[in-house]
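Accompanying notes for the structure given below.
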Number of protein chains: 2
Amino acid sequence: MGRGGGVAARLKDVAERAGVSVRTVSNVVSNAPAVAPDTRARVRRAIDELGYRPNLAARNLRQGRTGLIGLAIPEIHSPYFGELAGLLVEAARERGWTLLIEQTAGSAERELEFLSGRASNTLDGMAISPWAIGTEQLRRHTGGTPLVVLGESDPQGAADHVVIDNVAAAREMTSHLLESGRTRVAAVGSQPHLGNGTAALRLRGMHEALAAAGRTIDPALEVPVASLHREEGRRAMGRLLDHGSPPDAVFCFSDELALGAVYEAKRRGLDVPGDVAVAGFDDIEDGRYATPGLTTISPRKDQIAASTLQCLADRVYGRLDHLPARRITVPHRLVVRESTGR
Amino acid sequence: MGRGGGVAARLKDVAERAGVSVRTVSNVVSNAPAVAPDTRARVRRAIDELGYRPNLAARNLRQGRTGLIGLAIPEIHSPYFGELAGLLVEAARERGWTLLIEQTAGSAERELEFLSGRASNTLDGMAISPWAIGTEQLRRHTGGTPLVVLGESDPQGAADHVVIDNVAAAREMTSHLLESGRTRVAAVGSQPHLGNGTAALRLRGMHEALAAAGRTIDPALEVPVASLHREEGRRAMGRLLDHGSPPDAVFCFSDELALGAVYEAKRRGLDVPGDVAVAGFDDIEDGRYATPGLTTISPRKDQIAASTLQCLADRVYGRLDHLPARRITVPHRLVVRESTGR
DNA sequence: CACGAAGCATGCAACGTTGCAATAGGCGCG
DNA sequence: CGCGCCTATTGCAACGTTGCATGCTTCGTG
């Protein structure tokens, strides 16, 4: 029986056509060594003629692997997460994996659903950039599926962890602003209610730099936000400018916040950087083409992606299965553009 | 045997614990009607106690479905495709599907690889936003897996097709520019070498509007681009401004091109919209927060996503299996902001 | 010439699930 | 009281693949 029409060919069909056993075809497909050259050629031809493609469901069932890696991020269309997701898709592809993206919309419920949901047997590995949940909830991850945590929210040994040095980065940015002559540096982006501790670290780095320069810390210049979107940055800048003695520099904890802040400053007729310097964080593409070009912290996103997949590969294929969780710090650099110039 | 430790529970384990057959557990899991209420309750309890989750690989193998939909777009991190991908992920999720995103980087090779690659048996359905390939290559799609084509490149019956009326949209935008007093309208974004015919349609719409207003068409004001990115928009604007008699309005075929164009105009000390009006296409978030706010064409992206999944659902589950391919036109609207104001 | 090794090919079983057909028990009706 | 029908439950087989063990050659060596 040749299984006519559009029905997908199976190993059995190829075997019949090539006049060998199913097992031999399987050996050819999986590049097993013990196959005679002419047999291999004959099988290859049959495969081409029938357009055979392995049935992944069957392979997965047999091997207990799916070839799928899950990624949970707050939203795909945000510039930062979009760029990161794109890099992760490529990195996964290079390793023969397929990346599957889940959006959590920054909701704790959906983040937890991702961690406990399909994980158990649909995915070979998972990566999450947590937003609402923190260390406590990540620690509950019981290891069934390898997990990599991106960004803050230290899983404390419950999973591998890829980060940048947020404290140092914020320190560098703050120092840059102070060294270029700014005296009242505001911070936009603290998020006191979130599990994700990123903002707290950046605030700490900023405080360290202020202290090192002998400046006092003015709590009125630290504006919390509900999200890292442009609209929040715009609102925050508005509040700062309405303040009795407004800042001459604003350090936003994301480029999007910074773009919103710049928008509001310009809307009010202020010059950036003349009247107020604005700096961001993430180095998204928009920042490069904004006027003025946005000064920012640029994390090596490509290395974040590479490290994430390396961690997963080590746990899925390697013998690092029961080694203690790793913590990988990816480098970053300060990119100075016009928005903080003189 | 209870399969201790972290090993995933199977139907068999649940069955033993609940004192029923494997088949009955399966019936409970799939909400089959013929199960006595107390049996159902007992099985449910066992499921919870063991933390049972169905093994999708096995289910897929048995049913011939995977629950996966593939999406191929040029790049995730572009604002337009990022927003679209996010909406599609949500729409798929609502229908119990998982969307898997493939990046083609606008390469014909990778687009074709997507169409013929894993499709045959890993995906329940596919959607592609073609860039380099055109009608000819799409027509070769032989229907194994349901396919939806997004944007131009009419598959001519080989697949369902979701579009906006690019000709009408470009006509509306051009008329808007002419009506607000502009006389020399340039077009940035034609892509003569591409299979994807979107740019050609927008150019046609523009010509129609020019003709309707009794204007002549100046080929020197039509600038081709290699991509739809900001950098290309910037370059194109540079070329137009170096031209002997520069335009007083520039219609860019994407918002990103427009943002690049605005950047270059401002860099040269020109006022937008005072000296030159700039309009885009796509209505990406950046355009809303740019200064000046970007006039654009806003396609109903949510409807594109919804229609795409509706088409796929009809073919995968429904009885529309062998109905002729559909073509769905999604509405759009002209959004006037400051970049074309007076 | 016999024997082991090496190279190649094969058959069987199992992964966890669900479609199909069949069974056991309960009930109403003739 | 017995027949048939309906409900609840069950067993068997199969989806397409690969791990394991084994069989069949052929060749080299003592």
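These figures come from a predicted structure and were not determined experimentally. Throughout, a chain's letter reflects where its sequence line sits, starting with A, and its residues are numbered from 1.
A:R327 and A:D160 are not joined by a salt bridge, as no carboxylate oxygen comes within less than 4.0 angstrom of a charged side-chain nitrogen. Between A:E49 and A:R42 there is no salt bridge, since none of the side-chain N atoms of the basic residue sits less than 4.0 Å from a carboxylate O of the acidic one. A salt bridge between A:E75 and A:R110 is absent, with no side-chain N of the basic residue lying under 4.0 Å from a carboxylate O of the acidic one. Using a 4.0 Å cut-off between charged side-chain N and carboxylate O, A:D13 and A:R10 make a salt bridge.
Rounded to whole Å, the distance from CD on A:E16 to P on C:dT10 is 13 Å. Following rounding to the nearest Å, A:N55 (CG) and D:dT18 (P) show an atom-to-atom distance of 10 Å. In this structure, A:D13 places its CG atom 9 Å from P of D:dG16, rounding to the nearest Å. Spacing between atom CG of B:N27 and atom C1' of D:dG11 amounts to 13 Å, rounded to whole angstrom units.
For C:dT18, the OP1/OP2 oxygens have a side-chain nitrogen or oxygen of B:S26 closer than 4.0 Å. Dashed line: the shortest gap from a side-chain N or O of A:T24 to OP1 or OP2 of C:dA9 is not under 4.0 Å. Side-chain nitrogen and oxygen atoms of B:T39 include none within less than 4.0 Å of the OP1 or OP2 phosphate oxygen of D:dA8.
Residue order along DNA chain D, read from the 5' end via each residue's closest nucleotide, puts B:A34 first among B:A34 and A:Q63. Mapping B:L61 and B:R23 onto DNA chain D by nearest heavy atom places B:R23 at the nucleotide closer to the 5' end. The nearest heavy atom of DNA chain C to A:V22 and to A:P33 marks one nucleotide each, and the one closer to the 5' end goes with A:P33.
Of all nucleotides listed (C:dG11, D:dT10, C:dC8), D:dT10 comes nearest to the side chain of B:V20. Side chain of B:R10, nearest nucleotide from C:dG11, C:dT17, C:dC8: C:dT17.
Side-chain atoms of B:R62 stay outside donor-acceptor range of the base of D:dG16, with no qualifying N/O pair under 3.5 Å. Judged by atom type and distance alone, A:R53 does not reach the base of D:dG16 through any side-chain donor-acceptor pair under 3.5 Å.
Side-chain contact between B:I47 and B:V29: present, with at least one pair of heavy atoms (C-beta onward) separated by less than 4.5 Å.
No contact: A:S30 has no heavy atom under 4.0 Å from any strand.
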Listed pairs, N/O of protein and of nucleotides 23-27 of chain D, under 3.5 Å:
none

